[in-house]
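Presented below is the structure to which this report refers.
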Amino acid sequence: MVAYLARRFVFAVVLVFSVSSAALVLTRLAPGDYADMTAATTGDRAAAEAIRARYGLNRSIGGQYADWLWKAVRFDFGRSMVYDRPVQDLISERAANSAILALSALALATLVGIPLGIVTGSRQRGVAQIVRAASVLLLSMPPLLTSLVLVFLAARTGWLPVGGMFSTEAGAGWEIGDLASHMIVPVLALALPLSAMFERLQAEAMSDTIGRPFVIATIARGVPPARIIWRDALKPALRPVVSVYGLTVGTLLSGSFAVEIITSWPGLGRLMLDALRARDVYLVAGCAAAGSAFLAAGTLLSDAALAVVDPRSTE
């Protein structure tokens with residue numbers, strides 16, 4: 001298992017390197033740069049040339065990339081042109097905000113989706129049919145659409161904040177409660193489709209497990225159905241969900257960008273959008289590296305969890 005996880009770790013490092021490098025090079029190859037945008041806004045060509053020299057935009061792509069790569073291996077991702085701050089500092093701040101959002105959504109989706117999947121996978125009628133229909137509906141709605149619907153409802157009802165992370169008028173004593181109220185819309189936008197996916201995966205796995213010979217034999221011995229489901233069938237039925245769980249963590253952390261933009265949540269998504277608009281090549285590369293690192297870490301977590309649940313998967 002150690003050798004298997006070591007191979008997966010090497011793959012994760014290559015993934016982060018490839019994605020961040022591609023982001024830097026492609027942003028640099030696109031017409032124009034941050035200095036051109038500054039000149040177009042201010043009309044000061046001399047200032048634009050000074051900016052280009054300061055950030056190495058007047059160098060060849062190969063030279064700029066080699067210099068960035070040499071610094072990146074030492075975790076120095078350059079300086080943001082828009083914010084005039086080290087990229088790693090901006091990434092750390094915004095990644096923490098994205099993590100709060102994504103992990104809260106993951107916890108909610110897990111607590112809702114997996115138990116519902118166990119119930120619907122072991123039953124065919126009644127509430128199970130309603131849950132299946134709701135899951136199919138939610139699966140057809142991407143987080144972008146879900147966030148738009150929830151923002152619209154929040155704006156029309158006034159029950160919840162429409163966007164942001166804190167209210168500008170919130171006092172220091174109310175920050176935790178204010179944060180919790182602002183989290184509801186983006187967390188639900190991420191958690192609802194994810195919980196539907198967990199429910200469908202768990203339901204299919206539970207239904208398949210209940211039909212296996214060892215479960216049928218247990219039923220024939222007169223063991224109560226609830227004990228069979230929660231003691232005998234649950235562990236093997238968790239394998240499909242565990243196999244995608246870690247990957248889902250990484251996808252949430254790196255792929256909640258659309259929800260963050262719609263709900264004005266100050267995470268990596270908003271930061272990446274600002275960097276792309278301003279053609280801030282170093283910040284674009286840093287955001288891409290952070291997103292791919294989250295995805296790679298999630299993949300490793302998924303592989304490790306699957307190896308624990310099913311050691312045969314590493315063979």
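- At a threshold of 4.5 Å between non-hydrogen side-chain atoms, the residues Pro186 and Glu260 do not count as touching.
- Linking ILVMFWY residues whenever their side-chain heavy atoms come closer than 4.5 Å, directly or via other members, places Leu153 and Leu145 in the same cluster.
- Side-chain atoms of Ser18 never come within 3.5 Å of backbone atoms of Leu15 as a donor-acceptor pair (strictly under, hydrogens ignored).
- Residues Arg132 and Arg200 meet the side-chain proximity criterion, which asks for heavy atoms closer than 4.5 Å.
- Residues Val185 and Pro161 come closest through the heavy atom pair CG2-O, 4.0 Å.
- Two residues are said to be in side-chain contact when any heavy atoms from C-beta on lie closer than 4.5 Å; Val82 and Arg277 fail this criterion.
- The closest donor-acceptor contact from the side chain of Arg279 to the backbone of Thr27 lies under 3.5 Å.
- In this structure the side chain of Ile261 reaches within 4.5 angstrom of the side chain of Arg270, judged on heavy atoms.
- Annotation for Arg156: atom CZ does not count as buried by contact number, only 12 or fewer foreign heavy atoms lying within 6.0 Å.
- In this structure, the side chains of Leu271 and Tyr83 come closer than 4.5 Å at one or more pairs of heavy atoms.
- One hydrophobic cluster holds both Leu103 and Leu190 under the rule that ILVMFWY side chains link at heavy-atom gaps under 4.5 Å.
- One finds a salt bridge joining Asp84 and Arg54 here, because a Lys/Arg side-chain nitrogen approaches an Asp/Glu carboxylate oxygen to under 4.0 Å.
- Between Trp68 and Leu24, some side-chain heavy-atom pair lies under the 4.5 Å cut-off.
- The two residues Gly267 and Asn97 have their closest heavy-atom pair at CA-CB, 4.2 Å.
- Between Val25 and Tyr65, the closest heavy-atom pair is CG2-CD1, 4.1 Å.
- Residues Gln88 and Phe75 are not in side-chain contact: their nearest non-hydrogen atoms beyond the backbone lie 4.5 Å or more apart.
- Under the 3.5 Å distance criterion, the side-chain polar atoms of Ser195 are matched with a main-chain donor or acceptor of Leu192.
- Looking only at side-chain heavy atoms (C-beta outward), Val151 and Thr263 come within less than 4.5 Å of each other.
- When hydrophobic clusters are built by joining Ile, Leu, Val, Met, Phe, Trp and Tyr residues whose side-chain heavy atoms come closer than 4.5 Å, directly or via intermediates, Ile184 is grouped together with Leu106.
- Within the 3.5 Å criterion, the main-chain N or O of Leu268 finds a donor-acceptor partner in the side chain of Ser98.
- Two different hydrophobic clusters hold Val136 and Leu139 under the rule that ILVMFWY side chains link at heavy-atom gaps under 4.5 Å.
- Closest approach of Ala105 and Ala191 over heavy atoms only: O-CB, 3.5 Å.
- Salt bridge status for Arg85 with Glu93: present, with a side-chain N to carboxylate O gap under 4.0 Å.
- Using modelled atom types and a 3.5 Å distance limit, the side chains of Tyr282 and Ser80 yield no donor-acceptor pair.
- Both Leu101 and Leu148 are part of a single hydrophobic cluster, where members link through side-chain heavy atoms under 4.5 Å apart.
- Contact detail for Cys287 and Met272: the closest heavy-atom pair is CB-SD, 3.3 Å.
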